[in-house]
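Worksheet: the structure to be examined is printed underneath.
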Amino acid sequence: MIGKLTGKVDNISNNQLVIDVQGVGYVVAVSGRTLNQIGASETVSLLIETHVREDAISLYGFIDTAERDWFRLLTTVQGVGAKSALAILG
């Protein structure tokens, strides 16, 4: 599992970042709160929550441990998925 990514922001669109880590681009979903603290072409370090399903591997990024911990807590609530949790955090 991926726990942290540090690299240059390559692209920002629709609450997602592409982070270039030594030539490999990782698509990371982030909350509006995190997105507001990050600029294009900036070097960032994000804590990552990796979700693996049978049809997809998704990465969710957080600027600090408090936001990541709230995300983890929110996703334990029945009916609240990862995307809903990011929207609540934003």
Side-chain angles (χ1 to χ4, degrees):
M1 293 199 2
I2 298 171
K4 181 180 176 182
L5 287 174
T6 301
K8 184 177 177 182
V9 176
D10 191 50
N11 188 14
I12 299 174
S13 65
N14 298 331
N15 290 343
Q16 288 188 337
L17 305 172
V18 175
I19 300 176
D20 183 326
V21 180
Q22 296 182 356
V24 178
Y26 293 91
V27 178
V28 181
V30 295
S31 70
R33 176 180 176 269
T34 295
L35 195 58
N36 288 335
Q37 297 180 38
I38 296 172
S41 300
E42 180 177 317
T43 298
V44 296
S45 185
L46 295 177
L47 299 170
I48 301 294
E49 186 73 18
T50 307
H51 285 198
V52 179
R53 299 186 335 217
E54 64 183 52
D55 62 338
I57 298 173
S58 302
L59 303 177
Y60 301 94
F62 308 97
I63 205 79
D64 56 35
T65 57
E67 186 180 31
R68 185 193 60 199
D69 293 344
W70 275 108
F71 175 84
R72 287 178 176 172
L73 184 62
L74 285 168
T75 57
T76 64
V77 175
Q78 185 175 358
V80 177
K83 290 182 182 179
S84 298
L86 283 181
I88 291 167
L89 290 171

Please assess D64 against R33 for the test side chain to side chain contact (heavy atoms under 4.5 Å, CB included), listing each intermediate value before the final yes or no.
CA-CA 11 Å; D64 56 35; R33 176 180 176 269; 3.1 Å; yes

Stepwise side chain to side chain contact (heavy atoms under 4.5 Å, CB included) test for V28 and Q16:
CA-CA 5 Å; V28 181; Q16 288 188 337; over 6 Å; no

Check the pair Y26, I2 against side chain to side chain contact (heavy atoms under 4.5 Å, CB included), reporting the backbone distance first and the verdict last.
CA-CA 11 Å; Y26 293 91; I2 298 171; 4.0 Å; yes

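For the pair I19 and D10, the minimum side-chain heavy-atom distance is 4.5 Å or more.
Summarising the hydrophobic clusters (Ile, Leu, Val, Met, Phe, Trp, Tyr; side-chain heavy atoms under 4.5 Å, direct or chained), the residues clustered with V52 are I57. Taking a 4.5 Å side-chain heavy-atom cut-off between Ile, Leu, Val, Met, Phe, Trp and Tyr, the cluster of V18 extends to V27.
Of all non-hydrogen atoms in T34 and F62, the two that sit nearest each other are OG1-CA, 4.1 Å. Minimum heavy-atom separation, A85 to T75: CB-CG2, 3.9 Å. For the residue pair S31 and G90, the shortest heavy atom distance occurs at CB-N, 4.1 Å.
Taking a 6.0 Å sphere around CG of D55, one finds it holds more than 12 heavy atoms contributed by other residues, nucleotides or ligands.
A search for side-chain contact (heavy atoms from CB on, under 4.5 Å) contacts involving L73 returns W70, T76, not counting sequence neighbours. Residues meeting the ring pair (Phe, Tyr, Trp, His ring centres under 6.0 Å) test with Y60, sequence neighbours left out: H51, F71. Legend: residues meeting side-chain hydrogen bond (donor to acceptor under 3.5 Å, both in side chains) with S45, ordered by chain and number and at least two apart, are T6.
Screening residues 36-51 for salt bridge (Lys or Arg N to Asp or Glu O under 4.0 Å), with sequence neighbours left out, gives E49-R72.
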